[in-house]
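First the proteins, then the strands, lettered A, B, ... as listed; each starts at 1.
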Number of protein chains: 2
Amino acid sequence: MTDSAKTKRGKRERLVAAASQVLHQQGVEKTTLADIARVAEVPLGNVYYYFKTKDQLVEAAIDAHALGFRAMTASLDAHTGPRDRLKALLRGWIEQREVTARYGCPTGTLCSELDKRTDGLDRAAAEVMRLLIDYAERQFRAMGRADSHELAIALVAAYQGISLLTNTFRDPELMAVEGRRLERWIDSLA
Amino acid sequence: MTDSAKTKRGKRERLVAAASQVLHQQGVEKTTLADIARVAEVPLGNVYYYFKTKDQLVEAAIDAHALGFRAMTASLDAHTGPRDRLKALLRGWIEQREVTARYGCPTGTLCSELDKRTDGLDRAAAEVMRLLIDYAERQFRAMGRADSHELAIALVAAYQGISLLTNTFRDPELMAVEGRRLERWIDSLA
DNA sequence: GTCTATATTTAGATAGAC
DNA sequence: GTCTATCTAAATATAGAC
């Protein structure tokens, strides 16, 4: 991606990209539309031409996040088998450890924060988490595990938990160590 | 606790108790001082006699949370051995599963949300998480494990992760199932 | 110490010129 | 479609009577 917000992609697209980034870094509640507009290099008043409310922009960012996840898993499917796909997922998490140490897991922080809301945004975030669990579950099932659902929950929980600790203590090594532990765990499964 | 906010405990004490409750339920950013004052049954303007800023009240609530955790572990130490203490910890988490499904782990949600802040409040929340890890680590060490630190991180990460999923999907059974899995894991350790 | 009324600030949202 | 200026609502914080 050589494009920055500066370049002449569509403004709507720039706003969504800027929202994804800033919402992850600052959290939903602490992010103002002015913050997003500045990063997207779109005048504040113009935001409302594309999104009627802040919530609609947040929802668009979540949808973009879900789309990005589907693209990632699609490329993961290039790997030969389900075990390799799971380990590739783990390695991706380990590679992102610096970002995670600074800002947490994008999906996890969204779910945690948006859960406090009564409107539908919390369900949109939960949907992304569901995508992740379902993907892991399919791999465990392809490995022939009858307890694929429980294993998928355990894997994603371990990742979300270590993401939170990595972020809380600002220590990327936590993710690296736990990631390797999870890799050994996956190798140990029949 | 037969005391409600109504009773004539000190106002400062009532404000801290109300803050602990409401901050857990609504999150820090979405909670107003008016919310806390209402639950504590203290007039809004009077809050500022006890706390100069909202942040100071939030910090007092975090400190109270840390104090409560120390009291809990002190009573856990009544258990015969380190393995029983860890399993008692797990059973406590399982017992809290309905609250966790609705509002998440109090410590985890605080750490996740406050991490987005630059002031010192994020470190106050991290300290409570540190207490939890240190306690678990002491038990693993007492069990004779050389890898007590790694095990403590894994245990707390598993708990924090399943708390997030339990909350995200509003499903207390997730905590119950994973809690039993973690109990078996602790039993399996030499 | 207590509490009402209000000042101040900020951010979401809109009006209307171009 | 774009953008400046502004409205409005809400929340933190304060003033000052009691």
Side-chain angles (χ1 to χ4, degrees), chain A residues 4-62 110 113-114 116-122 124, chain B residues 4-62 110 113-114 116-122 124:
Chain A
S4 82
K6 250 184 264 291
T7 66
K8 285 295 163 288
R9 279 182 294 159
K11 290 191 178 176
R12 189 191 168 90
E13 196 182 353
R14 268 153 55 202
L15 281 167
V16 172
S20 297
Q21 176 197 327
V22 180
L23 291 174
H24 180 206
Q25 294 175 347
Q26 305 188 343
V28 177
E29 298 300 333
K30 297 214 43 118
T31 295
T32 68
L33 283 175
D35 291 333
I36 296 171
R38 190 179 339 102
V39 172
E41 295 186 60
V42 169
L44 176 58
N46 202 354
V47 172
Y48 288 90
Y49 177 76
Y50 297 97
F51 301 96
K52 270 195 270 292
T53 64
K54 177 183 176 182
D55 281 6
Q56 282 189 11
L57 177 49
V58 173
E59 187 165 16
I62 296 173
L110 268 180
E113 188 173 9
L114 292 179
K116 301 303 184 190
R117 307 180 50 145
T118 56
D119 52 42
L121 275 187
D122 55 335
Chain B
S4 83
K6 248 185 267 290
T7 65
K8 285 295 162 288
R9 278 182 295 159
K11 289 192 178 177
R12 189 192 169 89
E13 197 183 353
R14 267 152 57 200
L15 281 167
V16 172
S20 297
Q21 175 197 328
V22 180
L23 291 174
H24 180 207
Q25 293 175 348
Q26 305 188 345
V28 176
E29 297 300 334
K30 297 212 48 115
T31 295
T32 68
L33 284 175
D35 291 334
I36 296 171
R38 190 180 338 103
V39 172
E41 296 185 57
V42 170
L44 176 57
N46 201 354
V47 172
Y48 288 90
Y49 176 76
Y50 297 97
F51 301 96
K52 269 195 272 292
T53 65
K54 177 183 175 182
D55 281 6
Q56 283 190 10
L57 177 48
V58 173
E59 188 165 17
I62 296 173
L110 268 181
E113 187 173 9
L114 291 180
K116 302 303 183 188
R117 307 180 52 147
T118 55
D119 50 43
L121 275 187
D122 54 335

Between B:V47 and B:A37, which heavy-atom pair has the shortest distance, and what is it?
CG2-CB, 3.9 Å
Please report the closest heavy-atom contact between B:A124 and B:I62, naming both atoms and the distance.
O-CG2, 3.6 Å
Taking atom [atom2] of [N] as reference, at what distance in whole Å does atom [atom1] of [X] sit?
{"X": "B:R14", "N": "C:dT2", "atom1": "CZ", "atom2": "C1'", "result": "12 Å"}
{"X": "A:L57", "N": "C:dA11", "atom1": "CG", "atom2": "C1'", "result": "14 Å"}
{"X": "B:E29", "N": "C:dG12", "atom1": "CD", "atom2": "P", "result": "12 Å"}
{"X": "B:L15", "N": "C:dG1", "atom1": "CG", "atom2": "P", "result": "14 Å"}
{"X": "A:D35", "N": "C:dT10", "atom1": "CG", "atom2": "P", "result": "13 Å"}
{"X": "B:D55", "N": "D:dA11", "atom1": "CG", "atom2": "P", "result": "16 Å"}
{"X": "A:K30", "N": "D:dT12", "atom1": "NZ", "atom2": "C1'", "result": "13 Å"}

Can you list, in residue-number order, the parts of residues 44-53 of chain A that come under 4.0 Å of DNA chain D, counting heavy atoms only?
A:G45, A:N46, A:Y49, A:Y50
May I ask you to evaluate whether B:K11 reaches the phosphate of C:dT2, defined as a side-chain N or O under 4.0 Å from OP1 or OP2?
yes
Is it true that a side-chain atom of [X] and a backbone atom of [Y] form a donor plus acceptor pair closer than 3.5 Å?
{"X": "B:E113", "Y": "B:V28", "result": "yes"}
{"X": "B:K11", "Y": "B:A40", "result": "no"}
{"X": "A:K116", "Y": "B:T31", "result": "no"}

Strictly below 4.0 Å, N to O, side chains only: are A:R117 and A:E29 in salt-bridge contact?
yes
